[in-house]
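Below is one structure, written out as structure tokens; comments come after it.
Ligands are counted one by one from 1 in listed order, and the atoms in each one are counted from 1 as well. Hydrogens, waters and symmetry mates are skipped; everything else that's a heavy atom, side chains included, is used.
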Amino acid sequence: MKIYIKTYGCQMNERDSEACSGMLVARGHSLAETEKEADVLIYNTCSVRDQAERKAIGKVGIMKRLKRKKPDLIIGIMGCMAQNHGEELLKELPHVDFIIGTGQLHKVPDIIEELSNERVKHVLVTENPDVLDEMATHYAIDNNQIFAQVAITRGCNRFCSYCIVPYVRGREISRKIADIVKEVNELVQNGVKEILLLGQNVAAFGLGGDVNPPAPDVSPFADLLVELNDIEGLERIRFTSPYPSYFTDKLINAIATLPKVCNNIQLPLQSGSDRILKKMNRQYTAEQYLEIINKLKKSIPEVTFATDVIVGFPEETDEDFAATRDLLNEVGFVNAYLFKYSPRQGTPAAKIADQVPQEVKENRHQILLEDLKQRTVAHNKTFVGTTQQILVEGPSKRNSERWTGKTTNGKHVMFTWQDGIQPGSIINVAIKHCSTASLFGDIVE
Ligand code: 5AD
Ligand code: SF4
């Protein structure tokens, strides 16, 4: 059968969709480019903000028309929204055939095959994930990709007061180092040069779900990085998203000393106000956060930072917001995912009476976006006149003479292609000029 998968939300969802694609292709199915040509439509959904849920519900709703024309069409919803609402989704979307939560994604191929024999609704949203070994399957492995995502933990135990993830993705589990190394080795043998390690709380890897921050000399995540750094042929290791409290001295030292670990670090701040951080149930103060940043800056001179911030958390005052804005400027983040707080049913923050008005959220969001743009442009300009080592990705979409690659900080670089250069090559590029999004330059020997 021809299967179309649409993914909403975070990189973990992208990875889950890729694993599903891999499992389905291994069973003899193929992937469809468009919804129209598909026999099966799967929507891998997100619940982290209301807008993400509404988008997916709207999209699946529209597909009712297609199903009327093609009654054999199978439609399924998987991922966080499936887990969050389960069978209830069928009330609004009665044309959906299956709903599969976050712990049962590996059952997608069986369910599709059952549905092609007999049409009964399948709703699988039990809380505890079954063994997810199958989820190590990669689609990209057959596809000559130089980049791959590798999930190393699943779930989250932190229960930040605004966040639905611990409820829809369940308790935190870590895979075994040996299994991850095996997976990455296979990827590298198939041409992968760069990996992105994924987890809701990736630096808590291997700590058994303990929410107390570890001692300075403890970090199973650092042990994993050491092993991955040893894999011959692998060039770059990135990771997302780590909770700040797990940045022990041991981890900082590993990031600083392991050459393959990239030096752009995503470190979610959420707020720069201690009062709000406390209400968010984040286990650090602004000062402790800065301490980690400063340790990283000291041990990795060329380090850059990205972050996540929520504006308009309940009871956030102008002073709280100013503290966030000041901290963002002080750290000098070169990238930030800026979110407007969205109340999630069942989370403690949604019950706080004093919710911030929408226009205040919009306004604060806009201010941070503008600050970020200015910082990004200024940062890009610092690259002009330098020579950067680039991992080549391939031709740009618009112009096949122009190729793109990334610096270790994750900056996109455009350059003119030369004979012998292929995806995965490591080259030096002299940066000549920049835009808001990219750097441009010429290859040097
Ligand atoms: N509203 C807005 N943003 C949220 N995030 C998580 N929950 C919410 C919410 N209810 C943001 C956080 C997190 C990122 C993945 O999404 O910043 O780091
Ligand atoms: Fe959500 Fe907090 Fe867990 Fe991140 S650490 S997934 S924000 S509960």
Any donor and acceptor pair, going by atom type alone, linking the side chain of K406 with main-chain N or O of E393 inside 3.5 Å? no

Considering only heavy atoms, which of C156, C10, P166 lies nearest to atom 5 (S) of ligand 2? C156

Determine whether the side chain, the backbone, both or neither of V165 has a heavy atom under 4.0 Å from any heavy atom of ligand 2. side chain

Distance, nearest 0.5 Å, that separates CD1 of I310 from CZ of R364: 13.5 Å

Looking at ligand 2, is there an atom of it that comes within less than 4.0 Å of some heavy atom belonging to R169? no

Atoms of ligand 2 under 4.0 Å from any heavy atom of F159, numbered from 1 in the order shown, are 8 (S)

Considering non-hydrogen atoms of the protein only, which is the closest contact for atom 4 (C) of ligand 1, and what is the distance? R49 NH1, 3.3 Å

Should the proximity of S342 to ligand 1, defined as any heavy atom under 4.0 Å, be assigned to the side chain, the backbone, both, or neither? both

Between F205 and Y246, ring centroids under 6.0 Å: no

Can you report which non-hydrogen protein atom sits closest to atom 2 (C) of ligand 1, along with the distance? K340 O, 3.4 Å

CE/M280 to OG/S273 distance, rounded to the nearest 0.5 angstrom? 8.5 Å

Taking heavy atoms and a distance under 4.0 Å, where does V48 meet ligand 1: side chain, backbone, both or neither? both

Aromatic rings Y337 and F339: how do their planes relate, parallel, tilted or perpendicular, breaks at 30° and 60°? parallel

Over 60° means perpendicular and under 30° means parallel, so tell me whether F221 and F239 are parallel, tilted or perpendicular. perpendicular

Which of the atoms of ligand 1 are close to D308, meaning less than 4.0 Å from one of its heavy atoms? 13 (C), 14 (C), 15 (C), 17 (O), 18 (O)

Side chain, backbone, both or neither: R282 near ligand 2, heavy atoms under 4.0 Å: side chain

Taking non-hydrogen atoms only, is P268 closer than 4.0 angstrom to ligand 2 via side chain, backbone, both or neither? neither

Look at the aromatic rings of Y289 and F333 and report parallel, tilted or perpendicular, splitting at 30° and 60°. tilted

Examine all N, O or S atoms of C160, backbone included, and report whether one is under 2.8 Å from atom 3 (Fe) of ligand 2. no

Heavy-atom proximity to atom 17 (O) of ligand 1, best of Q51, R344, K361, Q270: Q270

Where is the nearest protein heavy atom to atom 4 (Fe) of ligand 2: which residue, which atom, and how far? Q200 O, 4.1 Å

side-chain hydrogen bond (donor to acceptor under 3.5 Å, both in side chains) between Q388 and T407, worked out: CA-CA 7 Å; Q388 296 291 321; T407 68; 4.9 Å; no

Examine distances only and state if a side-chain atom of E92 and a backbone atom of L89 form a donor-acceptor pair shorter than 3.5 Å. no

Heavy-atom distances under 4.0 Å are what count here, so tell me which part of Y162 touches ligand 1: side chain, backbone, both or neither. both

What residue and atom, counting heavy atoms only, is the protein's closest point to atom 1 (Fe) of ligand 2, and at what distance? C163 SG, 2.3 Å

Measure Y162 to ligand 2 on non-hydrogen atoms and call it side chain, backbone, both or neither using the 4.0 Å cut-off. side chain

From CG (L41) to NE2 (H95), nearest 0.5 Å: 9.0 Å

Lys/Arg-Asp/Glu bridge criterion (N-O < 4.0 Å) met for R27, D110: yes

